[in-house]
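Below is one structure, written out as structure tokens, with a few remarks after it.
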2 protein chains.
Amino acid sequence: MNQATSTCDRILDSAEQLFAEEGFHATSLRQITQAAEVNLAAVNYHFGSKQALILAVFRRRLDALNRARLVQLEQALAQGKPPQLEAVLEAFVVPALAFTHGSADAGHRFMRILMRALADRDEQLHRALSAEYAHVMQRFARAIAEALPGLHERDLRRQLDFIVGALTYTMAECEVSDGREIAADLVRFAAAGLRKAISSRTKPGAVRTLEIHP
Amino acid sequence: MNQATSTCDRILDSAEQLFAEEGFHATSLRQITQAAEVNLAAVNYHFGSKQALILAVFRRRLDALNRARLVQLEQALAQGKPPQLEAVLEAFVVPALAFTHGSADAGHRFMRILMRALADRDEQLHRALSAEYAHVMQRFARAIAEALPGLHERDLRRQLDFIVGALTYTMAECEVSDGREIAADLVRFAAAGLRKAISSRTKPGAVRTLEIHP
DNA sequence: GTTCGATTGAAACGAGTGTTTGAATGTTAG
DNA sequence: CTAACATTCAAACACTCGTTTCAATCGAAC
């Protein structure tokens with residue numbers, strides 16, 4: 001509203017960076033406002049409280065990330081009647097490393113924040129996370145169920161947790177430059193795991209199975 | 001040294017529980033000492049500092065966990081010349097939910113702490129974690145390489161990260177009672193992913209592949 | 001120019017933090 | 001018993017935290 005970047009945005013940028021580096025509780029408002037070159041009281045004036053700032057930092061990126069995921073998912077669904085499993089998984093994984101709005105490693109930073117939030121037991125933050133994610137996860141679960149008929153929804157939900165865990169941990173831990181390669185590996189890894197889940201679940205006694213991956 | 005549980009142990013128990021529920025930075029020494037019914041100064045007397053207490057909480061469980069993993073891995077390796085992939089993965093996954101020394105959900109609690117530590121950027125804690133884990137991970141990587149000849153070590157390391165992420169996230173997030181079932185699913189999931197990785201990497205152009213799971 | 005609302009600024013508030021201190025207490029060996 | 005040591009205790013230390021307050025400043029509408 002005034003200069004190159006508004007006070008609100010400068011606070012959000014600095015908070016995002018410091019939260020990723022130090023954590024939510026370990027980062028003080030004085031660190032944030034000093035890095036953002038704004039007054040200490042600006043945080044409580046614009047956001048109300050530190051907790052509200054944390055949520056705001058979250059929503060800004062998570063909205064964009066999940067929107068990008070859904071867009072790519074629609075593209076995948078539009079291409080084939082029974083959607084290609086790999087295309088669905090790519091729609092979930094690839095935007096996680098490509099949605100960087102600002103600097104090049106903003107995605108990496110945010111993944112670190114996301115992992116902190118998942119590890120955190122903060123109720124309010126957890127509920128806000130679920131609210132953002134529940135719709136998206138359900139949409140992807142449905143798409144995967146279409147691509148892999150025969151997989152029970154209850155099992156599917158757990159497999160999705162595996163993928164979320166692997167994605168979040170790996171993206172937060174590894175080098176930024178390897179992002180694309182990691183995503184490709186994870187898609188392959190997850191696709192194989194999902195296909196095995198269906199064949200094992202439908203025939204639990206069969207140890208010798210045969211799979212064809214088109 | 002004196003009663004049913006020593007001061008040190010009571011501090012470690014209370015700290016572990018509170019760290020899992022609230023996080024490292026969000027938990028104060030006064031909360032811990034009050035829950036443990038010991039004097040505030042006891043922490044600094046017995047452990048030196050809060051940071052040292054965090055490391056102590058960690059080492060106590062992680063040592064036992066990784067020791068149990070290696071024992072089960074040796075059993076798996078002793079059974080077959082080329083080790084069974086599923087047996088190797090079980091040796092990594094199952095102890096994570098079975099190593100509970102004290103109360104029934106101690107393992108669940110510790111997984112939450114472990115996830116916090118992985119998310120945390122604290123250098124000292126991270127180095128301590130690597131020191132505990134590096135040896136174990138290398139041992140498992142070698143075992144998996146034996147079970148799956150043809151898989152490059154560089155790729156294997158990344159697949160292991162996927163498994164660690166999936167295990168930590170799922171164990172920390174889900175119900176305690178589902179532990180055994182989750183472990184079985186994760187082993188199946190990971191085994192399929194690893195087998196696909198080797199076949200995809202050796203023949204990168206081949207989209208139509210065939211797999212037999214003995 | 002004046003008025004009014006929104007924003008920024010410097011300073012203080014009260015509460016909570018990890019840590020230290022020094023005396024009191026318990027425990028063991030000579 | 002007593003000396004020496006390890007442990008516990010209550011109190012205080014110096015500091016940082018998130019939040020609040022109130023005056024100063026800005027920007028437009030009248």
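Heavy-atom basis, side chains included; hydrogens, waters and symmetry copies ignored. By convention in this document, chain letters (A, B, ...) are assigned in the order of the sequence lines, proteins followed by strands, and residues within each chain are numbered from 1.
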Of all residues at least two apart in sequence or in a different chain, which pass the side-chain hydrogen bond (donor to acceptor under 3.5 Å, both in side chains) check with [X]?
| X | result |
| --- | --- |
| A/Glu16 | A/Arg61 |
| A/Gln124 | A/Gln51 |
| A/Arg139 | A/Glu74 |
| A/Tyr45 | none |

Does a nitrogen or oxygen in the side chain of B/His46 sit under 4.0 Å from OP1 or OP2 of D/dA6?
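Answer no for this pair, as no side-chain N or O of B/His46 is under 4.0 Å from OP1 or OP2.
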So does A/Thr7 get a side-chain nitrogen or oxygen closer than 4.0 Å to the phosphate oxygens (OP1/OP2) of C/dT7?
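For A/Thr7, the contact criterion (side-chain N or O under 4.0 Å from OP1 or OP2 of C/dT7) is not met.
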Taking both distances under 3.5 Å as the test for a Watson-Crick or G-U pair, what stems of at least three pairs does DNA chain D have?
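So the stems come out as C:1-27 with D:4-30.
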List for me each residue that meets salt bridge (charged side-chain N to carboxylate O under 4.0 Å, His left out) alongside A/Arg112, sequence neighbours excluded, and say none if there are none.
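Once residues adjacent in sequence are excluded, A/Arg112 has no partner under the salt bridge (charged side-chain N to carboxylate O under 4.0 Å, His left out) criterion.
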Who passes salt bridge (charged side-chain N to carboxylate O under 4.0 Å, His left out) against A/Glu22, sequence neighbours left out?
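Residues passing salt bridge (charged side-chain N to carboxylate O under 4.0 Å, His left out) with A/Glu22: none at all.
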Please report the distance, rounded to the nearest Å, between [atom1] in [X] and [atom2] in [N].
| X | N | atom1 | atom2 | value |
| --- | --- | --- | --- | --- |
| A/Tyr45 | D/dT25 | OH | C1' | 13 Å |
| B/Asn39 | D/dT8 | CG | C1' | 6 Å |
| A/Ile11 | D/dG18 | CD1 | P | 13 Å |
| A/Ile32 | D/dT16 | CD1 | C1' | 14 Å |

Minimum side-chain heavy-atom gap A/Asp9-A/Leu12 below 4.5 Å:
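Contact flag for A/Asp9/A/Leu12 side chains = yes.
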Identify all side-chain donor-acceptor contacts of residues 24-38 of chain A below 3.5 Å with residues at least two apart in sequence or on another chain.
from	atom 1	to	atom 2	distance (Å)
A/Thr27	OG1	A/Leu18	O	3.3
A/Thr27	OG1	A/Gly23	O	2.7
A/Ser28	OG	A/Gln31	N	3.2
A/Gln31	OE1	A/Ser28	N	3.1
A/Thr33	OG1	A/Leu29	O	2.8
A/Thr33	OG1	A/Arg30	O	3.3

Sequence-aligned protein contact record of nucleotides 12-22 of chain C, with B where the base is within under 4.0 Å of a protein heavy atom and S where only the sugar-phosphate is
B----BBBBB-
